[in-house]
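Encoded as structure tokens, the structure appears first; notes follow it.
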Amino acid sequence: MITFEEIRHNETINTYIRKADESLVALGYTEHSFAHVGMVAANARYILERLGHSERTLELVQIAAYLHDIGNLVNRADHSQSGAVMAFRILDKLGMDAAEIAEIVTAIGNHDEGTGRPVSPMAAALILADKSDVRRSRVRNQDESAFDIHDRVNYSVKKAELKINEDRTLIKLKLSVDTRYGSVMDYFEIFMGRMLLCRKAAEALGLQFKLMINEQQLI
């Protein structure tokens with residue numbers, strides 16, 4: 001069976017991740033490289049682990065998370081669909097089982113808020129893990145006076161925590177925001193679609209979704 005560690009150390013895959021992120025640098029996007037996919041992989045695994053999924057499912061969701069943004073190599077537009085096709089070819093060439101490839105491709109193809117839906121537990125976990133990665137270190141622009149709204153919002157987040165409660169009925173995204181750099185309204189202006197998709201993803205997993213910003217519940 002193909003493991004997450006094999007995927008993580010596959011130089012061909014890592015080349016695609018690096019080159020995809022280089023395209024996003026040119027477009028002025030925040031970081032979408034190894035820090036991002038690594039964090040998404042860890043959080044996606046955490047979600048399904050807390051909900052009692054099998055060890056193999058946890059491996060597969062980490063693989064999906066690691067590969068989820070490679071479609072940016074083709075174009076930012078529809079990157080979830082192009083990434084799913086790329087992932088299919090990579091994993092098929094590596095000899096992965098068809099049923100496992102299907103789960104991964106489905107999750108990748110449904111992770112973006114434009115067209116994605118939480119059609120499986122793996123897709124739902126990937127959505128939640130991806131959309132919750134908001135942090136200061138994703139901002140590449142070093143000139144605060146030239147920040148756009150995405151820079152301001154990410155730079156303003158001092159701490160982000162994604163946690164499932166003890167009863168496994170609620171998943172909470174808790175943000176600590178420095179409003180000197182970005183307002184709560186800024187956050188909603190660019191992330192409302194993502195947060196609504198997170199709520200759908202949580203519901204697909206049998207959970208409620210709550211967004212807390214500076215100790216106040218917004219969703």
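Treat the numbers as computed from the prediction; the structure is a model and nothing was measured.
- Rounded to the nearest 0.5 angstrom, N72 CG and D78 CG are separated by 11.0 Å.
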Pair H111, D69 - check side chain to side chain contact (heavy atoms under 4.5 Å, CB included), show working.
CA-CA 9 Å; H111 83 269; D69 270 341; 3.5 Å; yes
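- In this structure, the side chain of R136 does not engage the main chain of K158 through any donor-acceptor pair within 3.5 Å.
- Within the 4.5 Å cutoff, no side-chain heavy atoms of I47 are placed close to those of V61.
- Between R135 and M39, the closest side-chain pair of non-hydrogen atoms falls below 4.5 Å.
- Using a 4.5 Å cut-off between side-chain heavy atoms of Ile, Leu, Val, Met, Phe, Trp and Tyr, with links allowed through other members, I17 and F4 fall into the same hydrophobic cluster.
- Annotation for S80 and D112: closest pair OG-CB, 3.8 Å, computed over non-hydrogen atoms.
- Under the 4.5 Å side-chain heavy-atom criterion for grouping Ile, Leu, Val, Met, Phe, Trp and Tyr, L24 is not connected to L67 through any hydrophobic cluster.
- For the pair L128/Y46, no side-chain contact is recorded, criterion being any heavy-atom separation below 4.5 Å from C-beta on.
- Across D21, N154, D151, a single residue satisfies side chain to side chain donor-acceptor pair (under 3.5 Å) together with R140, and that is D21.
- Shown here for A129 and N43, the closest heavy-atom pair between the two residues is CB-CB, 3.8 Å.
- When all heavy atoms of S132 and L162 are compared, the closest pair comes out as OG-CD2, 3.6 Å.
- A distance of 4.5 Å separates CD1 of I63 from CD1 of I104, quoted to the nearest 0.5 Å.
- Of the possible donor and acceptor atoms, one in the side chain of N165 sits under 3.5 Å from a partner among the backbone N and O of L170.
- Note on E5 versus R8: salt bridge recorded, some NZ/NE/NH1/NH2 to OD/OE distance being below 4.0 Å.
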Name every donor-acceptor pair, under 3.5 Å, that has one atom in a side chain of residues 85-99 and the other anywhere in the protein, sequence neighbours excluded.
residue: D97; atom: OD2; partner: A99; partner atom: N; Å: 3.0
residue: D97; atom: OD2; partner: E100; partner atom: N; Å: 3.4

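- Between S23 and R76, every side-chain heavy-atom pair lies at or beyond the 4.5 Å cut-off.
- V25 and Y155 are members of different hydrophobic clusters when ILVMFWY side chains are connected at heavy-atom separations under 4.5 Å.
- With no hydrogens or angles considered, no side-chain donor-acceptor pair links R56 and S54 at under 3.5 Å.
- For the pair T179/N214, a side-chain contact is recorded, criterion being any heavy-atom separation below 4.5 Å from C-beta on.
- Note: K210 NZ to K172 NZ = 6.5 Å, rounded to the nearest 0.5 Å.
- Following chains of ILVMFWY side-chain contacts shorter than 4.5 Å, one cannot reach F34 starting from V40, and the two form parts of different hydrophobic clusters.
- Interatomic distance, L175 CG to M212 CE, rounded to the nearest 0.5 Å: 10.0 Å.
- Smallest separation of non-hydrogen atoms from I127 and A201: CG2-CB, 3.9 Å.
- Enclosure of atom CZ in R138 by more than 12 non-hydrogen atoms of other residues, nucleotides or ligands within 6.0 angstrom is indicated.
- In terms of heavy atoms, A41 sits closest to Q62 at O-CG, 3.6 Å.
- Under the 3.5 Å distance criterion, with hydrogens and angles disregarded, no donor-acceptor pair is assigned to the side chains of T106 and N110.
- Partners of T12 according to the side chain to side chain donor-acceptor pair (under 3.5 Å) rule, which considers only residues two or more places apart in sequence or in another chain, do not exist here.
- Taking every heavy atom of both residues into account, G182 and S156 meet most closely at N-CB, 3.6 Å.
- Using a cutoff of 4.0 Å between basic side-chain nitrogens and carboxylate oxygens, R152 and E144 are not scored as salt-bridged.
- You'll find the side chain of V177 stays beyond 4.5 Å of the side chain of Y187, heavy atoms only.
- Hydrophobic clustering places I164 together with L58 (ILVMFWY residues linked when any side-chain heavy atoms are closer than 4.5 Å, directly or through intermediates).
- Going from atom CZ of R50 over to atom CZ of R168 covers 6.0 Å, rounded to the nearest 0.5 Å.
- Residue E55 qualifies as enclosed at atom CD: its count of foreign heavy atoms under 6.0 Å is above 12.
- The pair E11-R18 meets the salt-bridge criterion, since a charged nitrogen lies less than 4.0 angstrom from a carboxylate oxygen.
- Each of H79, H36, H32 was compared with H68 under the ring-ring contact (aromatic ring centres under 6.0 Å, His included) criterion, and only H36 meets it.
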Pair E31-S137, side chain to side chain contact (heavy atoms under 4.5 Å, CB included): steps then yes or no:
CA-CA 8 Å; E31 181 267 326; S137 56; over 6 Å; no
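- Note that CD1 of I13 is 7.0 Å distant from CD1 of I70, once rounded to the nearest 0.5 Å.
- Checked against a 6.0 Å centroid threshold, the rings of F147 and Y181 do not count as neighbours.
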